[in-house]
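Here is how names work: the chains are called A, B, and so on, in the same order as the sequence lines, proteins then strands, and each is numbered from 1.
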Protein chains: 2
Amino acid sequence: MVADIQRRKLVLALSNAKGSIPLYMQIKDMLVARVTEGEWAPGDIIPSEIQLARELNVSQGTVRKAITELVENNVLVRRQGRGTFVATHDNDRALFHFFHIVDDSGSKNLPESKTLSCRRKPASRQEASKLNLSSRAQVVCIERIRNLDNQPTIIERIILPTALFGDLGKRQARNLPNTLYELYETQFGITIHRAEEQLRAVAATDRDASLLGLEPGSPLLEIERTALTLGGRPVELRISRCSTSKHYYQNTVL
Amino acid sequence: MVADIQRRKLVLALSNAKGSIPLYMQIKDMLVARVTEGEWAPGDIIPSEIQLARELNVSQGTVRKAITELVENNVLVRRQGRGTFVATHDNDRALFHFFHIVDDSGSKNLPESKTLSCRRKPASRQEASKLNLSSRAQVVCIERIRNLDNQPTIIERIILPTALFGDLGKRQARNLPNTLYELYETQFGITIHRAEEQLRAVAATDRDASLLGLEPGSPLLEIERTALTLGGRPVELRISRCSTSKHYYQNTVL
DNA sequence: GATTTTAAGACTTATATAAGAGTTAGGCCA
DNA sequence: TGGCCTAACTCTTATATAAGTCTTAAAATC
């Protein structure tokens, strides 16, 4: 442990000698590394700014600048007087952060979910490519239907690499929780950090239509989301088909 | 001018005496005010951090913290060794910032535009409500069709309050530039700062279909955007209907 | 004697200031 | 024309002080 810190000091000293990369960035990278490597798990408190500053032989303000950027990136959460914590998916912000469907009055509610199926299969070419898997790797494929205001509104197909979510397919087959990202975090140690979404308008298939109680051919909003970890590794592919007769997808462009 | 600065110092001193609001926030608000009031126009350089610090009787670091937050909000742009500038819509970031349609290969190109019509009319109830106008206020209504890869892909209807964009309807009727936000900024002194977008899947009307070369009833992605100024005032309503057969709407959730 | 209230202290993050190190653009000179 | 110098910026780091939070133990109350 002490040796570990010594090594770190050495590394910092060396890269500092090289000159170019600012101290606070090196510290930032080091903090990210310690989070991704699991030294600090989501929800854990990390050492105080002063402790880190002592450990790394820099001033508190320098550590602070590194932490500030990680707070802006949603990696850490600060609470004055308490400490700094690794961000989790169990607080309100995180729960709603990746969900963009809003009802016509503008209010956002999390939908209930009913799992239709949960099985293993080889990844399709497209799935393998989007998840960076070798072709024909095994994936878990979950299908569920989600209700908003007691109306079936969204059909979701979720693709996960079996390599990462091995026993999810077997153990929890049909009683999956509503908020999957919390499950990934607590059960599999995988924290979703950001996502890329591709939206298209598509026509409802016969199956879509019967599940959602619409006419076949009705326009649906298709959202194809690739969810990534802090390290940028894609770990979930999720394709949602939404009826937008009473809801819409909300996006704020800052 | 000097009196103005003196007044500002006094205001700061007073609100500082009250105690609660941090100095850097007061400075931030003051900087925003000076931008919105037009003392500094988009593209202008603002006084250096040290000059502002002297003017306000605070240290450079405090001014810096205020400016940093405004840079994060896309209000200001910093260039090391040069100075700090009011953000404009003429750089790459701004041009692509509000445009989310990407072709299937993932590359983003700005579409060409052809104006179909440009006329004045009284605002509909919905338009008046979304733009915060008194009912039946006059608006300019622009309709245009936009090509991507030489294919008509997007039908746009743009609603602007005549009160703000008075002579736009007459003077420039049919030769509007492609990038409107730059025009708003340079010709009307209105800078779009953020936007709220509501996305739905809809069926193409006969007119949509003939303009886009599709079958009537084909699914289209409808994007209803309300664009707001720095002060949060809605100034443009834009409804786009997009064919998503070869393109999609890209959103990154951080 | 048991329970609640209060106040001090030891933490934490938040804010403000200052000094020196990088960057950039433009002028000067060979 | 091409290279060097310098002035005017921002960027990085460090330090001091303020403000918020929790623990603990003494004091007050039942």
Checklist outcome for this item: Looking only at D/dA14, C/dA16, D/dT13, the nucleotide nearest the B/P22 side chain is C/dA16
Next on the checklist: For the residue pair A/R79 and A/F85, would you count it as a cation-pi contact if the rule is NZ or CZ under 6.0 angstrom from the ring centre and within 45 degrees of the ring axis?
Outcome noted: yes
Next on the checklist: Can you measure A/I50 atom CD1 to D/dA19 atom P for me and round it to whole angstrom units?
Outcome noted: 17 Å
Checklist entry - Looking only at side-chain N and O atoms, does A/T84 come under 4.0 Å of OP1 or OP2 in C/dT13? => result yes
Checklist outcome for this item: Picking from D/dG20, C/dT12, C/dT17, the nucleotide nearest the side-chain atoms of A/Q80 would be D/dG20
Checklist entry - What's the CZ-P distance between B/R82 and D/dC9, to the nearest Å? => result 12 Å
Next on the checklist: By the 4.0 Å heavy-atom rule, please label B/G83 as base, sugar-phosphate, or nothing.
Outcome noted: sugar-phosphate
Item to check | Protein-nucleotide distance (A/L76, atom CG; C/dT13, atom P), rounded to Å | outcome: 11 Å
Checklist entry - In whole Å, what is the span from the CD atom of B/E49 to the C1' atom of C/dG22? => result 14 Å
Checklist entry - When the distance from CD1 of A/I21 to C1' of C/dG22 is rounded to whole Å, what number comes out? => result 15 Å
Item to check | Spacing between A/Q51 atom CD and C/dT13 atom P, to the nearest angstrom | outcome: 9 Å
Next on the checklist: Tell me whether B/E156 is salt-bridged to B/R146, with the criterion being a basic N under 4.0 Å from an acidic carboxylate O.
Outcome noted: yes
Next on the checklist: Would you say A/S59 places a side-chain N or O within less than 4.0 Å of OP1 or OP2 belonging to D/dA14?
Outcome noted: yes
Item to check | Under 3.5 Å side-chain donor-acceptor pair for B/E197 and B/Y249 | outcome: yes
Next on the checklist: Please pick, from C/dT24, D/dC9, C/dT15, the nucleotide with the shortest atom-to-atom distance to any side-chain atom of B/Y24.
Outcome noted: C/dT15
Next on the checklist: Would you call the rings of B/H89 and B/F98 parallel, tilted or perpendicular, taking 30° and 60° as the class edges?
Outcome noted: tilted
Item to check | B/V58 side chain, from C-beta outward: closest of C/dT15, D/dA14, C/dT17 | outcome: C/dT17
Item to check | Spacing between A/I27 atom CD1 and D/dA14 atom P, to the nearest angstrom | outcome: 8 Å
Item to check | Cationic N near anionic O, under 4.0 Å, A/D104 to B/R200 | outcome: yes
Checklist outcome for this item: Whole-Å distance, A/R78 CZ to C/dC11 P, equals 20 Å
Checklist entry - So does A/K65 get a side-chain nitrogen or oxygen closer than 4.0 Å to the phosphate oxygens (OP1/OP2) of D/dT13? => result no
Checklist entry - Counting any heavy atom closer than 4.0 Å, what does A/S48 reach on the DNA or RNA strands: base, sugar-phosphate only, or nothing? => result sugar-phosphate
Next on the checklist: Can you work out whether A/Q60 or A/R79 has the more 5'-proximal nearest nucleotide on DNA chain D?
Outcome noted: A/Q60
